[in-house]
Amino acid sequence: MTPNNTVLTDDFGRKHNYLRISLIEKCNLRCTYCMPADGIVLSPKASLMTADEIYAIAQTFVNNGVDKIRLTGGEPLLRKDFPEIIAKLGSLKTEISITTNGILIDKHIDVLKQFNVKKINLSLDTLVASKFHSITLRNQFQSVIDNLHLLLNNDFKIKVNVVLIKGFNDDEIIDFIKLTQFLPISIRFIEFMPFAGNEWDKSKMVSQKEILDQVQRHFPESDVEKLEDDKNFTAREFKIKNYMGSFGIISSITNPFCDGCNRIRLTANGKIKNCLFSNSETDVLTPFRNGEAIEDMIAFAIKNKKKVRAGMTTIEDVNNPALNQDNRSMIAIGG
């Protein structure tokens, strides 16, 4: 089938070929920037997409030009039918990747290899076991480290996602970069972003400039190489000369990359979010269950995408609780 590129093209000419599907709202960690301290109200199980529904809705996106699918959560590996979901999506002949906290990777590595899921984004915000517990409220640090090495030993392509929070882990920036000396990984420093219940404020954020200032103080200027950014980049990529790996900076707040955005998100309960910051959603699961075609609803969601950060065009907008808290919690979006 020839893709209908108009369905996934917004009013600013951005073509959306990258679908991020949240499989579940639950997680086996309690990261404070992701989940409110008192938890969230979970969607009823009956309102979550089944494996067959995930496949069928994803197929509609693929028929309209999506060629990359990333599975997220919560923690996607908590889905008991994860192997079935991977098997179904694998038949779509599109690139599949996952974002995970890494705890359950060893239980699923054979399935990932079987269906050629080779790109893994692993969330790890600290290299200190005690700090890991303080931000996740769980003692799983060693499991994550062991599974990171398991993935590398099995030739997976790994990006390590590090959400930076001032006063918590900004003193580990250089330590993370030093990991890339002998490991073929990409460290991705992510600016702390506001979502419902995560107690965000601007003072906790570590900006792209602050990250690069640390890098420049530690490494000779001639050793810090700027890599070419991808067409639809989220991370501005760098490399230390002669290191095996690289590092990137995802600066959604201070230096957004919206002009080249090609991503669209599908929540675990079948709602399209056309931007991570958006407070509006388009329900496609209900009409799908009613036997209706959903292309027009997908096109509607894409056409209503704002040019920058769901309409928050300035730092002042992002810093306004009336705007930045009018959204789901991160765990219920899927990243």
Side-chain angles (χ1 to χ4, degrees), residues 12 14 18 20 31-34 99 121 123-126 135 159-177 186-219 221 224-240 246-263 265 273-279 305-330 333 335:
F12 304 98
R14 295 174 296 198
Y18 185 5
R20 302 171 69 99
C31 299
T32 56
Y33 58 82
C34 184
T99 295
N121 283 19
S123 299
L124 178 64
D125 300 311
T126 177
I135 194 145
K159 293 179 179 177
V160 176
N161 289 342
V162 184
V163 175
L164 289 175
I165 301 175
K166 194 165 291 185
F168 172 71
N169 60 353
D170 54 327
D171 60 342
E172 297 186 66
I173 290 171
I174 301 304
D175 293 333
F176 271 107
I177 292 175
S186 173
I187 302 294
R188 309 204 318 167
F189 298 116
I190 302 172
E191 289 182 343
F192 184 30
M193 292 179 283
F195 296 98
N198 73 350
E199 299 182 0
W200 183 90
D201 69 62
K202 188 179 174 183
S203 67
K204 296 180 182 179
M205 190 183 66
V206 184
S207 70
Q208 173 176 282
K209 181 181 184 304
E210 291 171 303
I211 295 167
L212 291 177
D213 283 348
Q214 277 204 42
V215 172
Q216 289 160 2
R217 285 195 299 269
H218 187 86
F219 297 99
E221 184 178 351
V224 181
E225 303 174 356
K226 177 69 181 74
L227 303 180
E228 184 176 353
D229 294 321
D230 294 335
K231 177 183 176 184
N232 304 111
F233 73 90
T234 56
R236 292 173 172 87
E237 299 282 350
F238 301 84
K239 182 180 177 67
I240 304 302
S246 62
F247 69 96
I249 302 170
I250 299 178
S251 52
S252 305
I253 305 298
T254 64
N255 198 5
F257 36 81
C258 304
D259 285 351
C261 184
N262 65 336
R263 293 166 299 285
R265 291 168 171 81
K273 288 183 73 71
N274 61 21
C275 175
L276 191 58
F277 291 99
S278 177
N279 59 7
K305 185 168 184 169
K306 304 292 186 182
K307 186 175 183 180
V308 178
R309 283 185 308 228
M312 291 188 287
T313 57
T314 67
I315 292 291
E316 289 71 29
D317 288 340
V318 178
N319 205 34
N320 182 352
L323 298 175
N324 69 36
Q325 294 297 297
D326 188 17
N327 197 353
R328 292 181 182 228
S329 297
M330 185 65 173
I333 298 174

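The structure displayed is predicted, hence computed values, not measured ones.
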Do Arg14 and Asn262 touch side chain to side chain, with heavy atoms closer than 4.5 Å?
no
Does a donor on one side chain sit under 3.5 Å from an acceptor on the other, for Glu191 and Ser207?
no
I need the Ile249 CD1 to Phe238 CZ distance, nearest 0.5 Å.
5.0 Å
Rounded distance (nearest 0.5 Å) linking atom OG of Ser278 with atom NZ of Lys305
9.5 Å
Any Lys/Arg nitrogen of Arg188 or Glu237 sitting under 4.0 Å from an Asp/Glu carboxylate oxygen of the other?
no
OG1 (Thr254) and CD1 (Ile211) are apart, to the nearest 0.5 Å, by 8.0 Å
Donor-acceptor under 3.5 Å (Asn169 side chain, Val163 main chain)
yes
Nearest heavy-atom neighbours spanning Asp229 and Lys226:
OD1-NZ, 2.8 Å
When you measure from the centre of the six-membered ring of Phe192, is the NZ or CZ of Lys204 under 6.0 Å away and within 45° of the axis?
no
Hey, does Ile174 have a side-chain heavy atom less than 4.5 Å from the side chain of Phe219?
yes
Would you say the side chain of Ile177 lies within less than 4.5 Å of the side chain of Ile240, judging by non-hydrogen atoms?
yes
Nearest 0.5 Å, please: how far is CG in Leu212 from CZ in Arg217?
11.0 Å
OG-CZ distance between Ser251 and Phe189, expressed to the nearest 0.5 angstrom:
13.0 Å
Using the side-chain contact (heavy atoms from CB on, under 4.5 Å) rule, take Gln208 and Arg236 through it: C-alpha gap first, then chi angles, then the decisive distance, then the call.
CA-CA 9 Å; Gln208 173 176 282; Arg236 292 173 172 87; 3.4 Å; yes
Can you measure from CD (Glu172) to CG (Asp125) and round to the nearest 0.5 angstrom?
9.5 Å
Please test Cys261 against Asn232 for side-chain contact (heavy atoms from CB on, under 4.5 Å), starting from the C-alpha separation and ending with a verdict.
CA-CA 6 Å; Cys261 184; Asn232 304 111; over 6 Å; no
Give the C-alpha distance, both sets of side-chain angles, the deciding distance and a yes or no for side-chain contact (heavy atoms from CB on, under 4.5 Å) between Val162 and Leu164.
CA-CA 6 Å; Val162 184; Leu164 289 175; 4.0 Å; yes
Shortest non-hydrogen separation from Asp170 to Gln214 and the atoms involved
O-NE2, 2.9 Å
Begin with the C-alpha distance, continue with both residues' side-chain angles, and end with the deciding distance and a verdict on side-chain contact (heavy atoms from CB on, under 4.5 Å) for Phe247 and Ile173.
CA-CA 10 Å; Phe247 69 96; Ile173 290 171; over 6 Å; no
Taking everything shown except Lys231 itself, do over 12 heavy atoms lie less than 6.0 Å from its NZ?
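Counting neighbours around NZ of Lys231, 12 or fewer heavy atoms of other residues, nucleotides or ligands fall under 6.0 Å, so no.
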